[in-house]
Amino acid sequence: MSTETGIGAAVKRREDLRFITGRGNYTDDLNVPGQTCGVFLRSPYARAKIGAIDATDALQVEGALAVFTGRDTATDGLGDLPCGWLVKSKDGSDMAAAPHPPLAVSQVNYVGEPYGLVVAESLAAAREAAELVAADFEELTPVVATAEAAEASPIHEGLKDNLAYDWELGDEAATDSALATAAHVTRLDLTNNRLIPNAMEPRAALATFDPASGNYELRTTSQNPHLERLVLSAFVRIAPEHKLRVVAPDVGGGFGSKIFVYAEETVVTWAAAKVGRPIKWTAERSEAFLADAHGRDHVTHAELGLDGAGRFTALKARTTANLGAYLSTFGSAVPTYLYGTLLAGQYKTPNIHVQTHGVYTNTAPVDAYRGAGRPEATFVVERIVEAAARETGRDPVELRRLNMIEPDDFPYETPVALVYDTGNYQASLDKALHLADYAGFKQRRAASETRGKRRGIGFSCYIEACGLAPSQLAIQLGAGVGLYESGEVRVNPTGSVTVFTGSHSHGQGHETTFAQVVSDKLGVPFDDVEVVHGDTGRVEFGLGTYGSRSLAVGGSALISASEKIIAKGTRIAAHMMQTEPTNVAFEEGAFISGNQRLTLQEVAFASYVPADYPPDLEPGLSEKAFYDPENFTYPAGAHIAEVEVDEATGVVQLVNFVAVDDFGHIINPMIVDGQVHGGLAQGAGQALLEHGIYDANGQLTTGSYMDYCMPRADDVPDFVVDTTVTPCTHNPLGVKGCGEAGAIGSPAAIINAVTDALGTEDIAMPATPEQVWRKLSGL
Amino acid sequence: MNLTLTVNGAEHSLDVPANTLLVELLRTRLRLTGTHVGCDTSQCGACTVHLDGCAVKACTVLAAQAQGRSVTTIEGIGRPNGTRNGSPDDLHPMQAAFRDCHALQCGFCTPGMILRAMELVESGGTLDNRTVREGLEGNICRCAGYHNIVKAVLAAGDAMQEQSR
Amino acid sequence: MEQSGEHLIPVERATVWRSLNDPVVLARCISGCQSMEQLADDRFAATVKARVGPVRATFEVALTLTDIHPPESYVLQVEVKGKAAGFGKGLAEVALAEAEDGTTLLRYSVAGRVGGKLAQIGARLIDSAARKMADDFFSALHEALDPAADRQQSANPS
């Protein structure tokens with residue numbers, strides 16, 4: 001196999017050619033004959049009863065076609081948007097799930113919640129008509145702040161309070177007793193700031209309905225079109241699955257925010273049949289700020305116990321997680337199973353207990369955003385470990401090393417329900433320390449001081465569980481779907497290969513890496529392999545892309561399908577070579593027996609033109625596989641941040657960032673580095689710049705790029721990234737996930753550096769110049 | 001209103017409402033969908049095009065302001081009429097550098113980023129890590145963390161200077 | 001959003017008071033006012049075209065007078081609806097005091113809040129926009145009452 005395009009090669013991406021020439025096909029780029037435009041009516045209030053809605057004037061606008069409200073969708077029997085993960089409280093009761101209608105019917109619960117859809121011939125007409133819809137609202141007092149929500153009066157009728165669940169994991173009694181006898185206990189209050197994902201392509205939907213066949217087609221910005229179809233069919237009840245095709249064409253980034261099944265694409269699909277015309281809706285950025293699911297928003301109190309030698313004896317975390325006004329698709333799982341299970345970090349802490357209160361507030365729903373629970377866990381563990389080192393006068397690196405799980409300890413079972421299969425955390429840390437020139441830090445600090453700057457260094461030794469997920473375990477814990485992946489490898493009659501995957505690429509480069517995997521496995525030229533994804537009409541089934549699962553789960557399914565191709569090809573080849581299959585070996589794209597050799601292409605042709613063919617075999621050479629992982633994969637690494645703080649202005653400059661990650665085997669190192677870079681910039685954004693803020697009335701005051709500070713090119717440095725390798729033990733490629741690591745590890749490293757520079761633990765994310773300046777000024 | 005302008009070398013004469021934005025004209029009327037809309041406050045740069053050689057955010061320019069002028073979009077750089085998806089040989093050095101350096105992931109910000117970067121190089125100032133980062137301040141990328149974009153612009157800068165020599 | 005200010009108006013208090021209750025004068029003094037209708041002694045409805053930063057819309061404004069103490073003071077309840085542009089709610093306390101030479105000192109203080117797009121995009125600009133609207137209003141009132149007078153005024157930003 002050519003090493004230039006096989007596994008491990010930095011193959012240039014084939015999708016790039018269309019993107020750099022402006023020939024991508026994002027949803028809003030698509031147009032169909034007869035298309036109309038949709039504009040959503042959105043609540044300006046955080047909490048209000050909906051009164052009369054009068055569309056008389058709106059429908060007078062030239063080109064206006066229809067105005068739909070929640071009463072219409074309810075009358076038509078549209079189901080609610082479901083939450084896909086049932087979390088149970090510690091008393092065994094089911095989470096309190098508030099009904100989430102696609103369009104608000106009687107009450108709106110966050111600013112931006114859609115309560116109607118206006119359809120018109122043009123976007124301008126739709127906007128003008130939307131302006132003329134007169135809606136009466138009776139404003140109610142909203143509940144906004146995370147920490148106070150549980151005590152406030154319930155925002156949803158029928159629920160006794162705003163607590164969706166009171167969840168726990170770990171042994172509380174053992175943890176409390178270990179803390180009580182610890183030589184030292186470090187206590188820390190932490191806020192994990194609310195983030196707004198901001199994929200650069202706003203969400204969009206283009207829905208068509210064919211009255212002749214009764215078929216719907218939805219083209220939309222989705223990370224998982226099959227899941228979208230499943231929900232629209234089984235839960236919202238728009239149409240049965242065989243009458244509904246969902247296509248996710250080129251998608252401009254997701255970071256989690258395009259996993260979820262939202263109101264807009266749901267309603268647009270339903271309305272396309274009502275209007276009898278295709279409808280296109282594209283979010284403005286302002287709408288994205290209001291109505292895309294947000295991320296993070298935790299308030300946590302944590303306690304870490306250490307014995308006299310510095311060994312961790314117990315970790316306790318009490319977290320309140322803001323779920324927003326409704327439970328989004330996976331919103332319930334993020335601050336529980338994707339968070340609490342990671343609180344062991346890289347350490348042998350014997351006792352851990354975590355309690356999460358998931359609360360409703362009158363804010364946008366909160367769900368998975370790059371990292372999803374794991375950045376929050378890493379922030380708790382790595383902040384408190386750093387603080388403990390400072391409090392007990394230990395070197396933060398040595399304290400970590402003392403407590404790390406060692407290579408001989410694997411498989412390692414944590415007190416919070418995970419079994420880490422493999423890793424070498426010390427190796428990543430050593431490499432990172434070398435690359436960061438830790439030894440030279442003191443000199444650099446002194447040099448900074450001469451320039452009126454305070455310098456700080458911070459560490460974060462993170463672990464994550466990704467490659468979601470073993471289905472049995474996930475379903476046992478409340479998941480409503482399995483989390484396997486499907487793959488199909490179709491060898492065409494002339495030997496080229498079409499690969500179908502249930503994973504979805506929205507920037508990750510699957511069209512390249514998956515082709516590398518299959519071409520390597522089957523020994524066919526890279527250019528002969530095409531990857532198809534994101535279309536329920538072409539791909540049998542899929543669970544999509546999130547939780548750094550594509551390669552570990554979707555890629556593994558392609559390996560399984562390729563193995564079936566080889567097995568069938570071996571039987572065909574044996575027949576053609578007049579020998580037994582056991583005498584045939586498959587090497588570098590050819591079936592070999594003694595001195596006989598048949599290429600895969602020759603065997604494929606024979607399978608479609610079966611003139612001389614095994615009597616007990618079906619023609620054709622196409623195989624499907626479903627791969628269900630045995631365990632999560634556990635990428636881990638060491639991140640080291642160095643910052644300079646300007647004493648005069650409070651500006652924090654991230655001057656150096658080193659990330660050494662262990663992703664197991666790597667298919668395309670160029671793409672992996674890029675994934676890390678992107679994650680690091682988002683982590684730096686969380687630590688220093690980004691913050692979704694609602695005022696006391698529940699108005700989003702960071703609702704545009706004027707107020708929500710996105711990382712720009714001069715906010716981040718060149719990153720130093722490197723890897724170490726311990727192959728995953730349970731998937732055929734030995735790969736882990738690389739998509740989220742950057743965003744998981746980096747915020748803690750950066751805040752540890754800022755607190756190091758300032759000499760106080762009391763710095764909240766984002767460490768804005770104002771906040772830092774106030775600390776420096778003693779205000 | 002009647003509007004005459006040149007887009008990617010071809011002259012167009014169209015009747016458009018006076019309040020049409022340049023980006024609407026390009027995307028909706030001329031179906032040049034490589035120019036993207038990423039925000040509604042002129043801050044993301046996804047809609048960057050060249051107007052008489054200068055990078056402008058096409059969401060902030062009225063189509064009428066392009067009267068009699070020349071607009072270049074992502075579809076108009078490199079060698080025109082390339083193959084279906086553009087053969088690597090047909091690319092502008094900036095396009096080639098973005099691909100070579102893996103300076104794009106989802107590709108949505110890329111056309112605007114490339115057009116802004118071309119202007120940055122063509123303006124002839126000093127090109128180093130710092131000036132490139134400052135020069136790209138008006139363009140947001142959410143995927144790539146800027147690292148490889150900066151690398152690509154510096155590489156393309158060398159290639160473009162080489163070419164113009 | 002909170003602000004206050006004072007203006008010296010060179011006419012006697014009774015005249016100022018009458019103007020502040022006269023829909024015709026009010027309509028002339030509110031910039032962008034397209035209509036002003038008196039619904040009752042203490043209630044007015046107006047349509048105002050206004051702009052706050054990038055948010056530009058036609059707002060339906062409902063004014064209700066309470067705590068009326070002629071000719072000294074009243075409290076103005078303001079409700080602004082801009083449909084897609086959002087909404088605003090506020091209370092304005094207006095007090096008139098007799099000043100030297102038959103002039104009148106008008107003091108006002110406003111407390112309000114905005115919602116929807118006004119808050120999302122315009123929040124950072126709302127204070128300056130409100131101040132400008134207030135300044136424009138009093139300049140216009142000044143001019144309406146005494147066209148000949150110099151446009152002297154003292155805004156006193158709090």
Side-chain angles (χ1 to χ4, degrees), chain A residues 10 12-26 28-31 123-124 197-202 250-255 282 284-286 506-509 670-671 673-682 684 704-706 710-719 721 742, chain B residues 17 19 27-28 31-41 43-44 46 73-75 77-78 82 84-88 90-91 94-96 98-100 102-111 114 129-130 132-151:
Chain A
K12 290 192 179 71
R13 300 197 323 167
R14 53 166 58 141
E15 40 274 85
D16 288 357
L17 286 175
R18 66 178 186 271
F19 294 142
I20 56 181
T21 54
R23 292 174 172 90
N25 274 313
Y26 301 91
D28 189 60
D29 299 343
L30 307 173
N31 294 289
L123 187 56
N198 274 301
M200 290 318 296
E201 180 206 20
D250 285 329
V251 174
F255 316 112
T282 301
E284 294 181 12
R285 180 58 55 187
S286 306
H506 31 281
Q508 294 89 342
M670 176 192 81
I671 288 179
D673 283 356
Q675 289 291 309
V676 175
H677 294 157
L680 294 178
Q682 289 182 11
S704 80
Y705 290 144
M706 291 184 292
M710 293 281 281
R712 292 174 187 266
D714 58 354
D715 292 317
V716 288
D718 275 0
F719 301 112
V721 302
Chain B
N19 61 358
R27 286 184 58 80
T28 313
R31 292 283 189 252
L32 292 169
T33 52
T35 304
H36 299 144
V37 179
C39 77
D40 44 14
T41 50
Q43 276 156 326
C44 79
T73 71
I74 190 71
E75 291 92 344
I77 62 171
R84 185 175 56 94
N85 265 339
S87 143
D90 295 333
L91 299 174
M94 190 63 76
Q95 290 171 309
F98 266 62
R99 180 166 190 252
D100 292 345
H102 186 37
L104 63 147
Q105 292 181 24
C106 82
F108 195 79
C109 75
T110 308
I114 286 176
N129 192 296
R130 193 182 167 72
V132 170
R133 284 182 182 276
E134 280 171 4
L136 296 177
E137 250 229 312
N139 292 67
I140 302 176
C141 168
R142 192 55 152 169
C143 296
Y146 302 104
H147 181 111
N148 286 340
I149 295 176
V150 175
K151 224 161 88 176

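A note on names: the letters A, B, ... follow the listed sequences, proteins ahead of strands, and every chain is numbered from 1. Just so you know, these numbers come straight off a predicted model, no measurement behind them.
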Contact part of [X] toward chain B, heavy-atom cut-off under 4.5 Å: side chain, backbone, both or neither?
{"X": "A/Asp715", "answer": "neither"}
{"X": "A/Met710", "answer": "side chain"}
{"X": "A/Leu123", "answer": "neither"}
{"X": "A/Ser704", "answer": "side chain"}
{"X": "A/Val251", "answer": "backbone"}
{"X": "A/Gln508", "answer": "neither"}

Side-chain contact test, heavy atoms from C-beta onward, threshold under 4.5 Å: evaluate it for [X] versus [Y] and give yes or no.
{"X": "B/Val37", "Y": "A/Asp28", "answer": "no"}
{"X": "B/Asn148", "Y": "A/His677", "answer": "yes"}
{"X": "B/Arg31", "Y": "A/Asn31", "answer": "yes"}
{"X": "B/Leu136", "Y": "A/Arg712", "answer": "no"}
{"X": "A/Phe255", "Y": "B/Cys143", "answer": "yes"}

Salt-bridged, B/Arg27 to A/Asp29, with N to O below 4.0 Å?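 Counted as a salt bridge, because a side-chain N and a carboxylate O are separated by less than 4.0 Å.
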
What part of [X] is in contact with chain A, defined as an atom under 4.5 angstrom from a non-hydrogen atom: side chain, backbone, both or neither?
{"X": "B/Ala144", "answer": "backbone"}
{"X": "B/Arg130", "answer": "neither"}
{"X": "B/Leu104", "answer": "both"}
{"X": "B/Val132", "answer": "neither"}
{"X": "B/Asp100", "answer": "both"}

Identified side chain to side chain contact (heavy atoms under 4.5 Å, CB included) counterpart of A/Ile20 within the set B/Leu91, B/Ile74, B/Ile77: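 Only match with A/Ile20 under side chain to side chain contact (heavy atoms under 4.5 Å, CB included): B/Leu91.
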
Name the orientation class of the two ring planes belonging to B/Phe108 and A/Tyr26 (parallel below 30°, tilted from 30 to 60°, perpendicular beyond 60°).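 The arrangement is perpendicular - the two ring planes meet at more than 60°.
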
Rounded distance [0.5 Å steps], [atom1] in [X] versus [atom2] in [Y]:
{"X": "A/Glu201", "Y": "B/Cys106", "atom1": "CD", "atom2": "SG", "value": "7.5 Å"}
{"X": "A/Gln682", "Y": "B/Arg142", "atom1": "CD", "atom2": "CZ", "value": "4.5 Å"}
{"X": "A/Arg285", "Y": "B/Thr41", "atom1": "CZ", "atom2": "OG1", "value": "9.0 Å"}
{"X": "A/Arg13", "Y": "B/Gln105", "atom1": "CZ", "atom2": "CD", "value": "6.5 Å"}

Largest heavy-atom contact set with chain B, pairs under 4.5 Å, which of [options]:
{"options": "A/Gly509, A/Pro711, A/Gly24, A/Gly253", "result": "A/Pro711"}
{"options": "A/Pro717, A/Gly507, A/Ala713", "result": "A/Ala713"}
{"options": "A/Ile671, A/Leu680, A/Thr282", "result": "A/Ile671"}
{"options": "A/Pro202, A/Gly742, A/Gly22", "result": "A/Gly22"}

Heavy-atom pair of closest approach, residues A/Phe719 and B/Gly145: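 Taking A/Phe719 first and B/Gly145 second, the nearest heavy atoms are CE1-O, 3.6 Å.
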
Over all atoms of both residues, closest heavy-atom pair of B/His102 and A/Met670: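 Closest approach of B/His102 to A/Met670: CD2-O, 3.2 Å.
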
Can a donor-acceptor pair be found, under 3.5 Å and without considering hydrogens, that links the side chain of A/Asp714 to the backbone of B/Glu137?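 It does not hold such a pair.
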
When heavy-atom pairs shorter than 4.5 Å are enumerated against chain A, which of B/Val150, B/Asn129, B/Thr73 gives the highest number?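 Among the listed options, the one with the most contacts to chain A is B/Asn129.
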
Quick one: which of B/Thr110, B/Thr35, B/Ile140, B/Asn19 has the most heavy-atom pairs under 4.5 Å with chain A, could you say?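 Of B/Thr110, B/Thr35, B/Ile140, B/Asn19, B/Ile140 has the most heavy-atom pairs under 4.5 Å with chain A.
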
Stepwise, does the side chain to side chain contact (heavy atoms under 4.5 Å, CB included) test hold for B/Arg133 with A/Val716? CA-CA 9 Å; B/Arg133 284 182 182 276; A/Val716 288; 3.7 Å; yes

